[in-house]
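What follows is a structure written as structure tokens; I'll ask about it next.
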Amino acid sequence: MKNAGFTGDFGANEFESVMALVRDYFDGLHHGEVSKLRAIFHPDAYLKAPGLRRGLEQWLDAVASRPVPSEQGQPYDFKLLSIEIIKDQAMVKLECPLFDHFYVDFLGLLKENGHWLIVNKMYTDVREEL
């Protein structure tokens, strides 16, 4: 994870906890590990892209039914661009290239009951159209 800018009022433990969640997110995407992804999302999370809204289970079904990037020889080129943590909320910005797409994801996290979970995901494909 490189090119990261970090801001906010947080302790090292909070930063490490959010970083661990981001690593699990990247690993889950790359290896198609639905159980790992489910564990880091709040059950009522919604995933939003321009013109597309999906509940968590709809998105996880899509992840489970697509080819697995690691098995297709896709590079692990995910990048953490920024993290902002303010008390019990965080916003994470990521680059997530997958197959023919180049996604930029914004993940909204909340810390509840001592654990960070993704409560919202917004994403768009910034790849240039050919």
Q) Any luck finding a side-chain donor-acceptor pair between H42 and D44 under 3.5 Å? A)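 There is such a pair (donor and acceptor under 3.5 Å, judged by atom type) between the side chains of H42 and D44.
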**Q.** Shortest non-hydrogen contact between H30 and Q74, atoms and distance
**A.**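 Smallest interatomic distance, heavy atoms only, reads CE1-O, 3.0 Å.
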(Q) How long is the straight-line distance from CG of D24 back to CH2 of W116, given to the nearest 0.5 Å? (A)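 The CH2 atom of W116 sits 15.5 Å away from the CG atom of D24.
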**Q.** Verdict with supporting geometry, L80 and M19, side chain to side chain contact (heavy atoms under 4.5 Å, CB included)
**A.** CA-CA 9 Å; L80 171 63; M19 289 293 294; 3.4 Å; yes
**Q.** Close side-chain approach of R54 to K48, heavy-atom, < 4.5 Å
**A.**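 Heavy-atom side-chain distance check fails, nothing below 4.5 Å.
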Q. When rounded to the nearest 0.5 angstrom, what is the spacing between CG in L98 and CG in L29?
A.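 Result: 5.5 Å between the selected atoms.
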Q: Indicate yes or no for a side-chain donor-acceptor contact from R127 to the backbone of D100 under 3.5 Å, with no hydrogens or angles considered.
A: yes
Q: Verify, without hydrogens or angle tests, whether N120 (side chain) and G108 (backbone) share a donor-acceptor contact under 3.5 angstrom.
A: no
Q. Which heavy atom in I83 sits nearest to a heavy atom in F15, and how many Å separate them?
A.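 Smallest interatomic distance, heavy atoms only, reads CD1-CE1, 4.1 Å.
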(Q) Tell me whether the count of non-hydrogen atoms from other residues, nucleotides or ligands lying under 6.0 Å of NZ in K36 goes above 12. (A)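 Yes.
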Q: Locate the shortest heavy-atom distance separating V18 from A90; write the atom from each residue and the value.
A: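 Of all heavy-atom pairs spanning V18 and A90, the closest is CG2-CB, 4.5 Å.
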Q: Kindly say whether the aromatic ring centers of W59 and Y46 come within a distance under 6.0 Å.
A: no
Q: Decide if the gap between the ring center of H101 and the ring center of Y103 is smaller than 6.0 angstrom.
A: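 Yes, the ring centres sit under 6.0 Å apart.
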Q: Begin from the C-alpha positions of S82 and V92 and carry the test side chain to side chain contact (heavy atoms under 4.5 Å, CB included) through to its verdict.
A: CA-CA 6 Å; S82 66; V92 179; over 6 Å; no
Q.
If I take atom OH from residue Y25 and atom CD1 from residue I118, how far apart are they, to the nearest 0.5 angstrom?
A. 6.5 Å
Q.
Would you say that V22 contacts L94 through its side chain, given a criterion of any heavy-atom pair below 4.5 Å between the two side chains?
A. yes
Q | Considering all heavy atoms, the nearest F99-Q72 contact | A | CE2-CG, 4.0 Å
Q) Where does the angle between the aromatic ring planes of H31 and Y76 fall among parallel (under 30°), tilted (30 to 60°) and perpendicular (over 60°)? A) tilted
(Q) Closer than 4.0 angstrom, basic N to acidic O: yes or no for E14 and K87? (A) no
Q. For the atom pair CD1 (I85) and NZ (K111), what is the distance rounded to the nearest 0.5 Å?
A. 9.5 Å
Q: Heavy atoms only: give me the nearest L107-L109 pair and the separation to one decimal.
A: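 Nearest pair, atom of L107 first, then L109: O-CD1, 3.5 Å.
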Q: Indicate yes or no for a side-chain donor-acceptor contact from E71 to the backbone of V68 under 3.5 Å, with no hydrogens or angles considered.
A: no
(Q) Contact between C96 and Y123 at the side-chain level, heavy atoms closer than 4.5 Å - yes or no? (A) no
**Q.** Step-by-step salt bridge (Lys or Arg N to Asp or Glu O under 4.0 Å) determination, K93 to E84
**A.** CA-CA 9 Å; K93 181 180 178 184; E84 186 167 8; over 6 Å; no
Q.
How long is the straight-line distance from CD of E95 back to CZ of F26, given to the nearest 0.5 Å?
A.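 Atom-to-atom, F26:CZ and E95:CD are 9.0 Å apart.
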Q) Less than 4.0 Å between a side-chain N and a carboxylate O, is that true for K121 and D105? A) yes
Q. How long is the gap from CE on M91 to CD1 on I86, to the nearest 0.5 Å?
A.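 Here the interatomic distance stands at 10.0 Å.
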**Q.** Linked, directly or transitively: L56 and L52 (ILVMFWY side chains, under 4.5 Å)
**A.** yes
Q: Check step by step if side chain to side chain contact (heavy atoms under 4.5 Å, CB included) holds for L60 and L37.
A: CA-CA 8 Å; L60 292 174; L37 292 169; 3.8 Å; yes
Q: Using the rule that two of Ile, Leu, Val, Met, Phe, Trp, Tyr join whenever any of their side-chain heavy atoms come within less than 4.5 Å, decide whether V63 and I40 are in one cluster.
A: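 Same cluster.
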